[in-house]
Visitor: 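This is the structure, below, for whatever I ask next.
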Amino acid sequence: MGGSDGILGMKGGERKSREKLVKRRERWLVILGIVLHAVYMLSIFDIYFKTPIVHGMHPVKPRFKDPPAKRLVLLVADGLRADKFFEPDSEGNHRAPFLRNIIKNRGRWGVSHARPPTESRPGHVSIIAGFYEDPSAVTKGWKANPVEFDSVFNQSRHTFAYGSPDIVPIFCGALPHSTWKTYPHEFEDFATDASFLDEWSFDQFQSLLNRSNEDPELKELLLQDNLVIFLHLLGCDSNGHAHRPFSSIYLNNVKVVDHIAERVYSLLEHYYKDNRTSYIFTADHGMSDKGSHGDGHPSNTDTPLVVWGAGVKFPKPISSSNNSDHGVFVDEHAHDMPTPVDWGLNGIERVDVNQADIAPLMSTLLGLPCPVNSVGNLPLGYVDMIEDEEVEAVLANTKQILNQFLCKSKIKQSNSLYFKPFKLLAHHSAALEHIEHLISIKDYGSAMMLAQNLRTLALKGLQYFQTYDWLMLMTVITLGYIGWIICLLLHILQSYTSLADVFKNPHDAWQRNNKTKVYLFGCLLMGAISVLLFMEHSPPLYHAYFSMTVFLWTQIVGEYQFIKTLCRWLSWGKYNYIIKILAASAVSIFILEFLVNSFTERKLYTWCFFIMGIIAAFYLFHAIPWRSGIPIYVCCACWFLSVFTLMPADIPDNNGLVIASGAIIVIIGAAARWLDQHSEGNKYWLRICYHKMEKPRSPVLFFLQVLLVGLSSVMVSLSTSHRKEKQELHAIHQLINWSISGFSMVLPLFSEKSLLSRLTSIFLGFAPTFLLLSIGYEAVFYGALALVLVAWILFENTILHLTKVSKLSASMKRTGEKTMLENDVRYLQLSDVRIPLIFLILFNVAFFGTGNFASIASFEISSVYRFITVFSPFLMATLLIFKLFIPFMLVICVFSAITKLLQVPRVGCYFLVILFSDVMTIHFFFLVRNTGSWMEIGNSISHFGIVSAQVVFVLLLFALTNTYTKDIQIGSAGSSSQKAA
């Protein structure tokens, strides 16, 4: 490269003797990086979201003379949004007339607020067990594992449950006093109207009641008290995923669940005729407009709650003196959501709850102990009891939560060498005695207030012990990330720059001896810390956090001599180098902070590419001495890509646009092939369009790839039309779609080896799969991204072409050393920092440009319906992730090609990418929250997880794309080739 690039541009001799050592060290660095990021990513759960389950508490039964209800019916409409339930349709009619009549005349209503992850297992655990599992529990949602915690079902005399095989067995699979049944997994087909699943659950329950007339034993069981009847209604969730929550099928499913609630009520009232049945209708989570759920958006967290029957208050007209029982989460996240006017319920008091409050509500109505792990507050706005029973119910709820606090405090104290108690509950026993005294003298108002205050303190105490190790872990993890970044930087400087040769150490033996002492001290320190952690019975991951951090800093201290020499060298008047390094660092940090902020504001990329297009075009216009259309092309390509981050993150369905994108992709491929064939004799194009003249160029492969792109566009039309007609996806269509995708991705391996030929073939090879997985504008984005990637290649090729080979930097002339490493790869220079930075910008826009907004609910599940419609979460997730990876693979293929074009070490650039990514990771680590709105909490976890995982899947994609790019050949002025290493 032209000009002086300071210390990173100095020349050095070949290091053949160290090549094996460097490669071995890099293998260990990669392994360490993967393990480190996997372990450190889990640290947020130890810091913020540890599992709240503790064992050893005794149930606390409320001291009632007679419980309000003998039995309770729990109806959970999976995936039902609050707004779609309460709002009227386009004709002004309400979709749930029966439950609306209940709200107005017989019961109470409100919004139940779920918390992320808004998935089925965590949602049902909140409702039935009364606590919020840590976010990692979402991974347990699809396994029929028995519960490892207490629940309302456990405390009941008998539970009858019917519904999904993914939910019912979680709570009833290991419960001896339960009768349950589920439908087969094959019933969950997204190509059909899933409301029949709800009807199946009702039919099973109706059949149970009918059988009891002929089965005396069953009849006797049904007449017992403390019964729970649970119907899991999956229809809304399946139809929301398949057709979106504003579709006629989803909205009709709301009517179906309302009709089921009506029939269940009629059946039981006719069967028992004793008015001793309580009914609760709610949902585990909502559904986003995209047909997904999982994050903290209100469309996912706000669910309907309707309660009526025995022990439940009647509706209460709203007045200024009414005090709605709006709940507060354990992290003090309050809800302030005014009732929309179109719901037509402004005149009736609304009682909002946290989802975990439903469990103590059910327990109280049945007179059962609250689940021992519950953190729910009994919502008094729902229960109809005399004053002394209300106080007893709240006191039982308080004691149950206080028991958890005392158990956690005891566990932590027994395991801590230095224990810091929660001082606000130091006199909890005296408080309980005072409450009992107030009850004995019938001062129920004061007793209620003290019991509620004690409950609030107990919840704060639970939160205190949940984050007890917060400061220690934050410090250790931060030092670990910083140590990892420094280790990477030292490796890059020693292996891929000329510094290792400049700082030749004549005292290698003495340095090795010092390193041995440092490593010995590190081992002793690691051992001492492990002994302390073992004495405190710390979790195994704590040992991993400390061990990795100590190991990394031991490595850094072991390089003390190199760091000392570097600092001394810079202090010897190398101020111009220092200024260049500071300037490069400032620009790098600015770009990385821009990328961090882009996670919350996609539109930043629009400005980024608009400005980049102008700057790049202006630079090329003045740098290229001949008339060229390259500056105009680069500017237009950047501006075209900038449009996509202005589009809505919720990708609207547009089948025609997907089909048209096939034609756009073919045109781009044809233009690239024409350029490749008509560039002979032009030295500018020689390096990227080089061909061995003795090898004939056959157009067969190109036309075959074009044919597959066209065929995939046809299959997009056929598959979508069948699904819109509510028909099954034909097996022959599935077979064709899978065959096209698999075959097309193999073809690029047989394309010509010049840079442009191979990249064009890769672009066409992944296009059919991407089209089949697309539903809207993201298909056009695929072509736009390819245009910008070509612009990046042309920009780098222009700089390379304009650089005179004989023009060496002043520092190179002074030293007279070689600038090359092995295999025709040169040392990294300071100006090469632009390569990983541009890569990170393009890599991130490849994510955001397809409509994602850095959330775990960002993905369109309908994207996979051309390959599979029967519910299969792992296969569907694999297809969604692969769709996400395709633009990434294009970016990485071009990145690899550019490193070969510029003759820079690809592995060195990879480590720079990881280094920059981890600067972002540290920032996101401190942005993780467990307070605030649930959308902020959920997104902060998603952001940190995405950036942390980026290190791993960038490595994975480098390995995958190497199959396609390893044999790319670059032309040279002497018509020779340089094969990629």
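Hydrogens, waters and symmetry mates play no part in the numbers below; they use all other heavy atoms, side chains included.
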Visitor: Can we say Glu199 and Arg263 salt-bridge, meaning some charged N sits less than 4.0 Å from an Asp/Glu carboxylate O?
Guide: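 Yes.
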Visitor: Kindly state whether the ring of Trp109 and the ring of Phe86 have centres lying under 6.0 angstrom apart.
Guide: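 Aromatic pair counts; centres sit under 6.0 Å.
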Visitor: Using ring centroids (six-membered ring only for Trp), state whether Phe867 and Trp738 fall under 6.0 Å.
Guide: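 Trp738 vs Phe867: aromatic centres under 6.0 Å.
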Visitor: Have Asp289 and Ser299 got a donor and an acceptor in their side chains that come within less than 3.5 Å?
Guide: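 Checked: Asp289/Ser299 side chains show no N/O donor-acceptor pair below 3.5 Å.
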Visitor: Taking the six-membered ring where the residue is Trp, are the ring centres of Phe160 and His158 under 6.0 Å apart?
Guide: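 Centroid distance Phe160-His158: below 6.0 Å, so yes.
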Visitor: What's the verdict on side chain to side chain donor-acceptor pair (under 3.5 Å) for Asn239 and Asp193, showing C-alpha distance, side-chain angles and the deciding distance?
Guide: CA-CA 7 Å; Asn239 284 328; Asp193 182 349; 3.1 Å; yes
Visitor: Do Ser238 side-chain atoms and Gly235 backbone N/O form a donor-acceptor pair below 3.5 Å?
Guide: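 Checked: no pair found.
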Visitor: One pair to check against side chain to side chain contact (heavy atoms under 4.5 Å, CB included): Leu305 and Val111. What are the steps and the verdict?
Guide: CA-CA 6 Å; Leu305 176 63; Val111 173; over 6 Å; no
Visitor: Can you check whether Ser288's main-chain N or O pairs, donor with acceptor, with His293's side chain at less than 3.5 Å?
Guide: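 Checked: no pair found.
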Visitor: So, do Phe281 and Phe85 have ring centers that fall under 6.0 Å from each other?
Guide: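 So the answer is yes for these two rings.
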Visitor: Taking the side chain as every heavy atom from C-beta outward, state whether Leu267 and Gln206 have any pair of such atoms under 4.5 Å apart.
Guide: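 Result yes, sub-4.5 Å side-chain heavy-atom pair found.
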Visitor: Angle class for the His124/His232 ring planes (parallel below 30°, perpendicular above 60°, tilted otherwise)?
Guide: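 Rings of His124 and His232: perpendicular, as their planes differ by over 60°.
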Visitor: Kindly state whether the ring of Phe599 and the ring of His943 have centres lying under 6.0 angstrom apart.
Guide: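 Centroid separation for Phe599 and His943: below 6.0 Å.
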Visitor: State whether a side-chain donor-acceptor pair under 3.5 Å links Glu119 with His285.
Guide: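 No donor-acceptor contact under 3.5 Å links the two side chains.
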Visitor: Determine whether a donor-acceptor pair (N or O, by modelled atom type, separation under 3.5 Å) exists between the side chain of Arg108 and the backbone of Val307.
Guide: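 Not a single qualifying donor-acceptor pair exists.
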Visitor: Over 60° means perpendicular and under 30° means parallel, so tell me whether Phe98 and Tyr265 are parallel, tilted or perpendicular.
Guide: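 Geometry flag for Tyr265 against Phe98: tilted rings.
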Visitor: Say whether Asn154 and Ser151, considering side chains only, have a donor N or O and an acceptor N or O under 3.5 Å apart.
Guide: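 Yes, a side-chain donor-acceptor pair sits under 3.5 Å.
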Visitor: Decide whether Asn377 and Asn354 meet the rule of one side-chain donor and one side-chain acceptor closer than 3.5 Å.
Guide: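 Side-chain D/A pair, Asn377 to Asn354: absent.
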Visitor: Would you sort out whether Phe149 and Phe131 count as a ring-ring contact (aromatic ring centres under 6.0 Å, His included), showing the intermediate values?
Guide: CA-CA 10 Å; Phe149 45 79; Phe131 72 92; 5.0 Å; yes
